[in-house]
Amino acid sequence: MANSGGGAVCNGKLPNHKKQSDSSQNGNCTKNGIVKEAQQNGKSHFYDKPIVESFEEAPLHAMVFTYMGYGIGTLFGYLRDFLRNSGIEKCNAAVEREEQKDFVPLYQNFENFYTRNLYMRIRDNWNRPICSAPGALFDVMERVSDDYNWTFRFTGRIIKDVINMGSYNFLGLAARYDETMKTVKDVLEVYGVGVASTSHEMGNLNKHKELEDLVAKFLNVEAAMVFGMGFATNSMNIPALVGKGCLILSDELNHASLVLGARLSGATIRIFKHNNMQSLEKLLRDAIIYGQPRTHRAWKKILILVEGVYSMEGSIVHLPQIVALKKKYKAYLYIDEAHSIGSVGPTGRGVVEFFGMDPGDVDVLMGTFTKSFGASGGYIAGRKDLVDYLRVHSHSAAYATSMSPPIAEQIIRSMKFIMGLDGTTEGLKRVRQLAKNTRYFRQRLHEMGFIIYGNEESPVVPLLLYLPAKVAAFARHLLNRKIGVVVVGFPATPLAEARARFCVSAAHTREMLDKVLEALDEMGDLLQLKYSRNRKSARPELYDETSFELDD
């Protein structure tokens with residue numbers, strides 16, 4: 001199998017790509033008995049650090065009780081629906097008005113069954129109102145429900161100094177105002193809050209041009225373009241790049257924005273198993289051999305869609321192998337770095353730097369400013385001709401309002417801080433502190449016996465809870481201990497893989513992490529959540545390169 005070009009990465013060093021490509025064309029880099037060698041067009045790329053990821057399977061009894069929990073909840077749901085339809089129990093759900101009884105229903109009854117009967121019972125764990133900046137500590141407005149979570153009322157009490165383990169504030173740059181934000185205040189006074197126009201019309205400011213040039217410099221690419229909304233960066237730009245007669249190969253765990261963009265494009269979509277190179281190569285090979293359905297004409301374009309860090313699994317894309325395949329089969333690669341830009345890599349430049357690769361190996365670099373940069377919006381970066389094309393054809397550029405000037409200045413300030421252009425090394429220290437906190441937090445959870453998913457370097461840490469009742473109890477008990485967590489269940493995850501998703505931040509002190517870990521240790525014993533058997537990944541279908549058959 002061909003692999004990626006570019007420079008070599010050995011012993012943790014990131015040498016100059018141009019210099020290394022000539023001197024190390026046939027070298028090997030070995031660690032722990034693993035040799036990773038690849039050649040493409042006379043160049044070699046080596047990644048000497050083995051990719052360590054865990055997807056341990058739950059014990060059988062946990063899965064049995066999980067499905068039993070959903071089964072019992074479903075039975076009681078049908079019983080309560082019968083009582084509601086009989087008028088014995090009041091129905092609080094959205095229903096058709098009596099005068100519209102002969103209309104085609106606007107609300108499909110069964111589609112809302114899960115929301116009505118399961119989600120509502122534990123709805124208090126989501127949409128909690130926050131009344132402070134989302135830093136390492138935040139304040140939560142206390143609310144209670146008198147009708148089993150159909151409605152809430154505020155008690156007037158503020159829960160102060162809750163440890164924030166859920167926000168994507170990876171570098172701690174989403175914080176309340178201080179003097180370092182003076183430039184943001186100055187821009188607000190000069191430009192105001194809103195632009196009130198699209199980029200194509202009167203919304204293209206010099207601040208946007210300054211930000212785009214800085215993003216291109218940060219990523220070491222030719223050009224970049226910024227947008228006011230991260231979700232729309234994917235959903236509105238993928239349709240501008242591919243269309244009918246094109247093929248999209250999408251990782252099965254891709255974010256909803258990538259999925260929506262792919263569907264809106266009108267291109268044919270095929271799914272490959274998460275980070276499974278054999279699954280991806282089979283689809284690429286079949287696409288080349290058989291072409292389009294019925295006509296068997298060659299595909300106009302083949303676009304591979306992946307993420308840098310997967311937000312629900314905490315895993316990191318196997319970029320060197322994917323780049324190798326896209327070069328071998330002459331496909332294009334689109335990578336969403338929403339969670340990886342600023343949070344991984346020696347200097348926070350994302351998974352391309354994490355693997356020591358050339359940014360030119362990725363055709364479309366996408367990322368958001370909503371996580372590590374403490375702002376909002378997104379970017380597309382890469383070759384200048386790509387960006388020039390999107391300036392004309394992007395739906396977001398043509399129809400969406402441009403980024404707010406103070407937001408643009410906040411991103412500029414954050415990016416200069418990370419790059420050291422503010423005259424300090426504090427940004428680099430935060431990137432390193434995030435990596436240190438991540439490894440410490442993951443190691444401690446693993447030692448305690450929890451099942452955690454993902455890469456050991458990923459600041460997104462999913463802790464598996466499985467049972468729906470434990471999801472609610474977990475979040476409620478931790479809030480009582482002044483720890484704020486995000487719990488996630490179906491349909492955002494598979495039915496039997498409900499989890500808590502921790503987001504580690506550079507702003508977390510060791511004392512904060514220890515307090516959280518102590519509470520988790522006690523909670524794991526109380527709710528019997530320590531399912532791990534401390535063995536290697538028991539989900540070989542994600543990495544078994546000998547079996548690549550896709551599910552129907």
Side-chain angles (χ1 to χ4, degrees), residues 7 9 12-18 168-175 178-187 206-227 230 233 308-309 335 337-362 365-382 384 387 403 405-438 457 459 505-507:
V9 182
K13 298 180 181 179
L14 304 177
N16 180 276
H17 288 282
K18 293 181 180 179
Y168 301 125
N169 187 22
F170 294 128
L171 296 180
L173 296 177
D178 61 35
E179 281 305 308
T180 63
M181 300 180 185
K182 187 179 184 302
T183 58
V184 179
K185 182 180 179 181
D186 293 341
V187 167
N206 60 340
K207 274 293 163 188
H208 299 145
K209 179 65 168 63
E210 180 184 352
L211 173 57
E212 289 173 348
D213 291 342
L214 186 62
V215 171
K217 181 178 180 181
F218 181 68
L219 298 174
N220 193 25
V221 295
E222 294 179 4
M225 183 177 180
V226 298
F227 304 89
T233 305
V309 171
I335 181 168
E337 292 219 69
H339 294 83
S340 55
I341 193 68
S343 63
V344 299
T347 61
R349 283 168 168 81
V351 293
V352 174
E353 184 189 49
F354 179 80
F355 288 103
M357 300 184 68
D358 184 352
D361 288 335
V362 180
L365 287 161
M366 177 271 171
T368 64
F369 304 117
T370 56
K371 280 80 176 176
S372 297
F373 301 96
S376 63
Y379 66 83
I380 294 285
K384 186 177 184 300
V387 174
M403 180 182 290
I407 293 296
E409 179 60 29
Q410 161 65 12
I411 301 166
I412 292 171
R413 184 188 76 87
S414 299
M415 196 164 288
K416 287 182 176 179
F417 177 75
I418 297 171
M419 298 170 70
L421 297 181
D422 62 340
T424 71
T425 60
E426 291 302 313
L428 182 59
K429 289 180 180 178
R430 291 210 188 186
V431 173
R432 292 174 177 172
Q433 184 62 46
L434 173 62
K436 184 178 178 181
N437 286 352
T438 295
E457 304 289 339
S505 172

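Below, each value reflects all heavy atoms present in this structure, side chains not excepted, and no hydrogens, waters or symmetry copies.
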Quick one: does any side-chain atom of [X] pair with a main-chain N or O of [Y] as donor and acceptor, under 3.5 Å?
X      : Y      : result
Glu222 : Lys384 : yes
Arg430 : Gly172 : yes
Arg349 : Phe218 : yes
His208 : Val226 : no
Glu337 : Val351 : yes

Just how far is it from atom [atom1] of [X] to atom [atom2] of [Y], taken to the nearest 0.5 Å?
X      : Y      : atom1 : atom2 : answer
Asp361 : Asp358 : CG    : CG    : 5.0 Å
Phe227 : Tyr379 : CZ    : OH    : 12.0 Å
Met181 : Ser414 : CE    : OG    : 8.0 Å
Ser343 : Glu457 : OG    : CD    : 11.0 Å
Asn169 : Thr370 : CG    : OG1   : 11.0 Å
Lys371 : Leu173 : NZ    : CG    : 14.5 Å

Side chains of [X] and [Y] in contact at under 4.5 Å (non-hydrogen atoms):
X      : Y      : result
Val187 : Pro405 : yes
Thr233 : Ile380 : yes
Ser505 : Phe170 : no
His339 : Thr368 : no
Glu409 : Asp186 : no
Ile341 : Phe373 : yes
Val344 : Pro459 : yes

(request) Take Val431 and Leu171 through the test side chain to side chain contact (heavy atoms under 4.5 Å, CB included) and record every step on the way to the result. (result) CA-CA 7 Å; Val431 173; Leu171 296 180; 4.1 Å; yes
(message) Regarding Glu353 and Thr347, do their side chains bring together a donor and an acceptor under 3.5 Å, going by distance alone?
(response) yes
(request) Examine the side chains of Asn437 and Gln433 and answer whether a donor and an acceptor come within less than 3.5 Å of each other. (result) yes
(message) With a 4.0 Å cut-off on N to O distance, would you call Lys209 and Glu212 a salt bridge?
(response) no
(message) Give me the atom names and distance for the closest heavy-atom approach of Val362 to Leu365.
(response) CG1-CD2, 3.8 Å
(request) Evaluate the criterion salt bridge (charged side-chain N to carboxylate O under 4.0 Å, His left out) for residue pair Lys207 and Glu210; output intermediate values, then yes/no. (result) CA-CA 5 Å; Lys207 274 293 163 188; Glu210 180 184 352; 3.0 Å; yes
(request) Go through the steps for Leu421 and Leu214 under the test side chain to side chain contact (heavy atoms under 4.5 Å, CB included), then give the verdict. (result) CA-CA 11 Å; Leu421 297 181; Leu214 186 62; 4.1 Å; yes
(message) Testing Asp422, Thr183, Thr180 one by one against Arg413 for a side chain to side chain donor-acceptor pair (under 3.5 Å), which residue passes?
(response) Thr180
